[in-house]
Participant: 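Quick one: the structure is below, and I'll ask about it shortly.
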Amino acid sequence: NFLLLFLLTFILVLLLPFYPSVGETKEHTLPDNEYVLNVMLGMGTDVLPAEALKAIAVTLRTYTAFHGKVLPQGSLESICASTSAEHGEKVYNAMREAVYSTTGEYITYGGKIINACFHLSSNQNTAEGGEPYLKSVSTADERSFPGFYGETVITREQILAFGKGEIKGVSYGEDGKAKTVSFEKANADVLEFINHFSVVSVDFTLHLNSDGGYTVLTKGQGNGLGLSLYGAYLLSLEGQTYKQIICRYFQGTEITCII
């Protein structure tokens, strides 16, 4: 299976150090196009609009250069999917075109490669990220994203096993996203909380159940930072170019060619 082959390649790439063929700068190791292409192929199974794919390609290339590897944030197949061999070839060709047509392009702020965070879907706006280029910005209406509304049940036993006591409340930032969950004994950062309890989004509310557990209702998927993959898809349908999409999600940045 064509797509399975590239998915396996993607997994191997994540487990291996950078290939020796990539270029070097004073601060970052720059990934080659085939590395970025394999990452993209491992993330999705559908042909998205060209401008959306270019925005994703440049974001992944930048994220990879900043961190040294890409951690999967979910799969683009959630947008829509088809797994026929013919369709798989279309996916490969479309993604390859997106990667190679943006060869050497990185997102920079103040002349430096940024931490180009990304997530699957946001509710109304992205999250504030603590960097001047990771501001909370409005996004497209993403309620059509499959799995936009989610629900996770956390039992009282699971809460107590976490070791911080009973949940006391949640604090939210000006962006409307959860920042801290307060427990009897200590607080938990929102990322610690959602990772431990398998909550899919930082945009959530807690609802106490009769047995002492909680139902967590979520909107969107991911940490909410930077580029919304589904938002990029919707904005491209509206006619926005990949550069417009990138500059919307990463405020004050430029797309710089570094070869």
Side-chain angles (χ1 to χ4, degrees), residues 40 43-44 46 48-49 51-60 62-63 66-67 70-81 107 109 114-152 170-181 189-195 197-206 216-253:
M40 287 190 70
M43 291 180 65
D46 209 333
L48 302 183
E51 296 303 306
L53 288 177
K54 290 177 185 178
I56 294 169
V58 175
T59 299
L60 289 178
T62 304
Y63 184 97
F66 188 91
H67 288 280
V70 170
L71 301 177
Q73 302 288 316
S75 174
L76 294 180
E77 66 187 8
S78 303
I79 296 175
C80 40
I107 309 169
Y109 184 88
I114 70 167
N115 180 12
C117 300
F118 57 94
H119 59 283
L120 272 175
S121 174
S122 279
N123 173 40
Q124 296 186 330
N125 57 277
T126 61
E128 189 77 21
E131 296 287 350
Y133 52 81
L134 286 178
K135 297 294 185 183
S136 177
V137 299
S138 63
T139 186
D141 184 352
E142 300 184 24
R143 289 176 293 178
S144 58
F145 176 72
F148 179 84
Y149 295 102
E151 178 178 312
T152 303
V170 182
S171 62
Y172 296 87
E174 293 182 0
D175 56 9
K177 317 302 181 186
K179 300 301 178 185
T180 305
V181 180
D189 173 83
V190 66
L191 295 182
E192 178 187 8
F193 178 81
I194 67 173
N195 289 333
F197 292 106
S198 300
V199 176
V200 299
S201 174
V202 295
D203 194 326
F204 65 81
T205 55
L206 292 177
V216 187
L217 299 180
T218 56
K219 295 179 180 179
Q221 289 193 25
N223 59 21
L225 296 173
L227 181 79
S228 166
L229 299 178
Y230 192 65
Y233 162 69
L234 293 177
L235 292 173
S236 69
L237 293 181
E238 295 177 4
Q240 292 198 25
T241 68
Y242 77 98
K243 292 184 178 180
Q244 289 174 320
I245 294 169
I246 288 172
C247 290
R248 176 180 184 139
Y249 286 108
F250 301 105
Q251 295 284 296
T253 61

Participant: Over 60° means perpendicular and under 30° means parallel, so tell me whether Tyr109 and Tyr133 are parallel, tilted or perpendicular.
Facilitator: tilted

Participant: Can you confirm whether Thr59 sits close enough to Leu229 that some side-chain heavy atom of one is under 4.5 Å from a side-chain heavy atom of the other?
Facilitator: no

Participant: Quick check for you: to the nearest 0.5 Å, what is the distance between Lys177 atom NZ and Asn125 atom CG?
Facilitator: 4.5 Å

Participant: Quick one: pull up CZ in Arg143 and NZ in Lys219 and give me the separation to the nearest 0.5 Å.
Facilitator: 9.0 Å

Participant: Is the distance between the ring centroids of Phe204 and Phe193 under 6.0 Å?
Facilitator: yes

Participant: State, yes or no, whether a side-chain contact exists between Ser138 and Gln124 at a heavy-atom distance under 4.5 Å.
Facilitator: no

Participant: Side chains of Ser144 and Tyr230: any donor to acceptor distance under 3.5 Å?
Facilitator: yes

Participant: Can you tell me how far the OG1 atom of Thr218 sits from the CZ atom of Phe148, to the nearest 0.5 Å?
Facilitator: 9.0 Å

Participant: Could you pull out the closest heavy-atom pair between Leu48 and Leu53, with the gap in Å?
Facilitator: O-CD1, 3.5 Å

Participant: Looking at side-chain heavy atoms only, is the closest gap between Leu235 and Gln244 below 4.5 Å?
Facilitator: no

Participant: Can you tell me how far apart CD1 (Ile56) and CD1 (Ile246) are? Round to the nearest 0.5 Å.
Facilitator: 10.0 Å

Participant: For a 4.5 angstrom cut-off between non-hydrogen side-chain atoms, does Ile245 reach Tyr233?
Facilitator: no

Participant: Would you say Glu131 and Asn115 make side-chain contact, with heavy atoms under 4.5 Å?
Facilitator: no

Participant: Report the C-alpha distance between Tyr242 and Ser236 in whole Å, list the side-chain angles of each, state the deciding distance to 0.1 Å, and finish with yes or no for side chain to side chain donor-acceptor pair (under 3.5 Å).
Facilitator: CA-CA 7 Å; Tyr242 77 98; Ser236 69; over 6 Å; no

